[in-house]
Amino acid sequence: SRRDPELPSPEEVFFEDILKKNYDESFAYRFLYQLRNYVQHCGMPVGNVLINAEKDSSVSGGKRVTVSVVFDRDTLLNRFKDWKTAKKSLLEMPAQFEVSPLLQELVFRLGIIHFQLNEKLFPDIEAEAALINQMHSEVREADSRVVVLDVIDHADEAVDLQIIDLPLIQAQQIFKDRRIHWNGKKI
């Protein structure tokens with residue numbers, strides 16, 4: 001039985017579900033999603049840039065400089081009426097609020113989405129990454145490399161051989177991604 005091309009695939013449904021879940025759970029996600037619309041209709045958001053310099057002998061130059069971008073909640077609300085589900089939480093924000101923590105949470109949320117998609121679309125990825133790491137650890141000589149030999153058959157009975165280096169860096173990253181923590185919770 002063929003799938004109706006007009007209907008979303010199970011993968012598309014899964015993707016939409018995890019986007020919705022993260023949107024619903026995170027003010028940062030909702031706010032920054034709607035901020036894109038704000039910028040399109042109202043221009044760059046009005047706010048302040050705060051620059052702070054403190055003596056710090058542990059950094060080059062002996063001074064630590066931090067820059068914070070701060071938005072004015074009331075200006076955002078007055079200039080744009082279509083905050084949708086972000087409005088309630090935006091009303092609860094301080095009159096002046098820093099954007100950086102919201103951006104950090106959004107990046108974290110996007111990482112969760114990426115991680116969940118990989119789990120769904122590539123369920124064997126961890127085992128495959130372990131195999132790549134194991135093979136690479138067995139070949140330690142500097143002049144050696146671990147490769148996959150791919151045989152490509154063609155309709156005209158010709159055969160191509162393709163040498164593909166194993167994606168060691170990507171395999172190692174998979175294990176690093178497994179150790180991501182946010183607020184003490186492992187994802």
Side-chain angles (χ1 to χ4, degrees), residues 5-122 125-126 167 169-187:
E6 298 296 316
L7 297 176
S9 70
E11 293 82 7
E12 290 170 319
V13 170
F14 178 80
F15 181 64
E16 290 297 324
D17 286 349
I18 61 174
L19 290 181
K20 183 179 181 335
K21 181 179 186 299
N22 280 280
Y23 183 93
D24 291 345
E25 289 177 354
S26 170
F27 165 68
Y29 193 117
R30 289 189 306 277
F31 171 72
L32 293 167
Y33 187 90
Q34 295 304 327
L35 186 65
R36 176 211 163 273
N37 293 331
Y38 176 99
V39 169
Q40 283 211 304
H41 299 287
C42 304
M44 291 302 289
V46 176
N48 295 303
V49 175
L50 306 175
I51 302 172
N52 185 35
E54 297 176 352
K55 287 184 179 181
D56 186 343
S57 59
S58 69
V59 296
S60 178
K63 194 184 299 184
R64 180 177 307 277
V65 178
T66 57
V67 178
S68 301
V69 177
V70 178
F71 284 163
D72 182 286
R73 177 200 64 214
D74 296 332
T75 301
L76 292 173
L77 288 166
N78 290 332
R79 290 186 66 198
F80 187 63
K81 303 300 181 204
D82 200 19
W83 287 104
K84 298 184 179 174
T85 58
K87 184 174 183 177
K88 181 180 179 217
S89 299
L90 182 56
L91 285 164
E92 296 170 1
M93 293 297 286
Q96 302 282 313
F97 63 96
E98 190 174 344
V99 180
S100 179
L102 300 176
L103 293 170
Q104 289 172 346
E105 183 178 340
L106 177 63
V107 168
F108 173 75
R109 291 286 174 166
L110 294 174
I112 289 173
I113 291 165
H114 174 78
F115 181 79
Q116 290 174 331
L117 280 173
N118 276 340
E119 291 262 306
K120 177 74 172 179
L121 299 176
F122 310 106
I125 196 167
E126 189 170 4
I169 294 171
Q170 292 88 342
Q172 291 170 337
Q173 188 62 44
I174 289 166
F175 289 112
K176 287 180 187 173
D177 288 347
R178 297 265 182 211
R179 292 188 290 269
I180 294 174
H181 287 75
W182 182 262
N183 292 337
K185 293 187 282 187
K186 186 173 183 177
I187 60 169

Point-to-point distance, once rounded to the nearest 0.5 Å, from [atom1] of [X] to [atom2] of [Y]:
X: L102; Y: F97; atom1: CG; atom2: CZ; answer: 6.5 Å
X: L19; Y: L110; atom1: CG; atom2: CG; answer: 9.0 Å
X: K84; Y: Y33; atom1: NZ; atom2: OH; answer: 7.5 Å
X: F31; Y: L106; atom1: CZ; atom2: CG; answer: 11.0 Å
X: K63; Y: K55; atom1: NZ; atom2: NZ; answer: 9.0 Å
X: T66; Y: N52; atom1: OG1; atom2: CG; answer: 4.5 Å

Is any side-chain heavy atom of [X] closer than 4.5 Å to a side-chain heavy atom of [Y]?
X: F80; Y: L35; answer: no
X: Q116; Y: N22; answer: yes
X: V69; Y: E98; answer: no
X: I113; Y: F15; answer: yes

Give a yes or no on whether the backbone of [Y] and the side-chain of [X] come within a donor-acceptor separation of less than 3.5 Å.
X: R79; Y: C42; answer: yes
X: W83; Y: L91; answer: no
X: R64; Y: D56; answer: no

Run D24 and Y29 through side-chain contact (heavy atoms from CB on, under 4.5 Å) and show every step you take.
CA-CA 8 Å; D24 291 345; Y29 193 117; over 6 Å; no

Compute whether any side-chain donor of one residue and acceptor of the other, for Q34 and R30, lie under 3.5 angstrom apart.
no

Which pair of heavy atoms, one from E12 and one from L7, lies closest together, and at what distance?
OE1-O, 4.4 Å

Strictly under 6.0 Å, is that where the ring centroids of Y38 and F71 end up?
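Centroid distance Y38-F71: not below 6.0 Å, so no.
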
R109/E105 ion pair, N-O < 4.0 Å
yes

Does a sphere of radius 6.0 Å around NZ in K20 hold more than 12 heavy atoms from other residues, nucleotides or ligands, not counting ones at 6.0 Å or beyond?
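No, NZ of K20 has 12 or fewer neighbouring heavy atoms, counting only those of other groups under 6.0 Å.
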
